[in-house]
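Both ligands and their constituent atoms are indexed starting at 1 by order of listing. All residue numbers refer to positions in the sequence shown, counting from 1. Keep in mind that the numbers below use all heavy atoms, side chains included, and drop hydrogens, waters and symmetry copies.
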Amino acid sequence: MARNLAERVAQLRPSATVEMTEKVRAARAAGRRILALNSGDPGIPTDPRIIEAAHRGMLAGDTRYAPAPGTPALREAIAARETGRTGIAREAGDVLVTPGGKFALLTALMATVQAGDEVIIPAPGWVSYEPCVRLCGGVPVALPMLDRIDPERLASLVTPRTVAIVLNSPVNPTGRTLSQADMDAVTEIAERHDLWIVFDQVYSDLVHAPAFPMPHGTPEGRARTFVVDSFSKTFGMTGWRLGYLAMPPGLAKTVIRFMQHSVYCLPGFIQAAGAVALSLYDELVPGYRETFRRKQLRVAQRLNAIPGIACTAPDASFYLFPHIGTDDRMVAARWLEELDVATIPGSAFGEAGAGHLRMSVTAGEAEIEEALDRIAAAGVPR
Ligand code: PLP
């Protein structure tokens, strides 16, 4: 009998969203036609011009190690995008290109969390926050915040061991953006207690609201905020594994050591494709955003017509988080078994999400309509 694996991995909970994706894959392989309202993949085919850029790069020999922090061209393009968004100049030297937003998050936590340190994470919140904090030896502390952040509650969770607050807007799973008041409260508390902020904005290109509040929108906030972002959701590039970490000035030269000794670098041809993606932003992204918006409004309207379901259309992303007022795990399991409709139970994002389901509008319109027809006909099981 071989030795036990390290607790670091053995004790991690499997990702509930990945598990549902696997269940759907297995059911489809067994010949079932599953209507997928569970996916976190935007379902957008990558634009052919982005693919061609990668192809050109590979044929031109850009297939060797690339600079560990990212290619100068892509770091410049990301810095320009961040500068444009906040109005505060962002240096390319403060940006690291990472394999997806997930690794940007892990890098930020690796750089800030020591063994036993506490990190405040949103609840309900994306399934990887807690495991990533634990992988860094930290202790996750859940902040319940279904709609808004309660500053007093947040302040009450800060202890002498707290080092960082993870903030996510637009929020996965609710699909909502946090308000300026939320940002002000978090930055004020972070300043008072000298905490880092790790801000995950991977859905920030899919905001329908007129404004997008963020903690790095002020020089004080910028000085303590690690910004996690990704090409996955914006450009339909989930499989490319391309994201970035924009950090407070001057830290990248130290933080890069973690990347140098782990993934080392992103393939140059993928970074070349990323730069082309950013250059096509104005042409591509507004259309994606409008499509998601239209589908979210339609789904919210149809869900609200079903007894027992209450759903506000979120102001961002491609998710909805309807309240179903009963055991969400039971409902998700029964809809999958009986209706072939896949959703994610809200409690998969932490107990604060119980009584909700996360649904996404990444499938085609006909598939979504059919799923809603089945849900409307069957009703919410009690
Ligand atoms: N952050 C949130 C809130 C997400 O929902 C996801 C993906 O589902 C990610 C980060 C990471 O995305 P990626 O690693 O594909 O960039």
**Prompt:** What residues join Phe321 in its hydrophobic cluster, counting side-chain heavy atom gaps under 4.5 Å, either direct or through other members?
**Reply:**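 Other cluster members: Leu146.
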
**Prompt:** ligand 1: which residues have a non-hydrogen atom closer than 4.0 Å?
**Reply:** Gly100, Gly101, Lys102, Trp126, Tyr129, Asn168, Asn172, Asp200, Val202, Tyr203, Ser230, Ser232, Lys233, Arg241

**Request:** Would you mind listing every salt bridge (charged side-chain N to carboxylate O under 4.0 Å, His left out) that reaches into residues 158-174, with sequence neighbours excluded?
**Result:**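 Qualifying pairs: Asp117-Arg161.
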
**Asked** Side chains of Trp335 and Thr343: is there a donor and an acceptor less than 3.5 Å apart?
**Response**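 Thr343 and Trp335 do not have a side-chain donor-acceptor pair below 3.5 Å.
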
**Message:** Once ring pair (Phe, Tyr, Trp, His ring centres under 6.0 Å) is applied, what residue pairs with a partner in residues 72-121 remain, sequence neighbours excluded?
**Reply:**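 For residues 72-121, and leaving out neighbouring residues, the ring pair (Phe, Tyr, Trp, His ring centres under 6.0 Å) pairs sorted by first residue read Phe103-Phe258.
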
**Prompt:** Roughly how far, to the nearest 0.5 Å, is OG1 of Thr362 from CD1 of Ile44?
**Reply:** 9.5 Å

**Prompt:** Between Asp205 and Arg85, what is the shortest heavy-atom contact and its length?
**Reply:** OD1-NH2, 2.8 Å

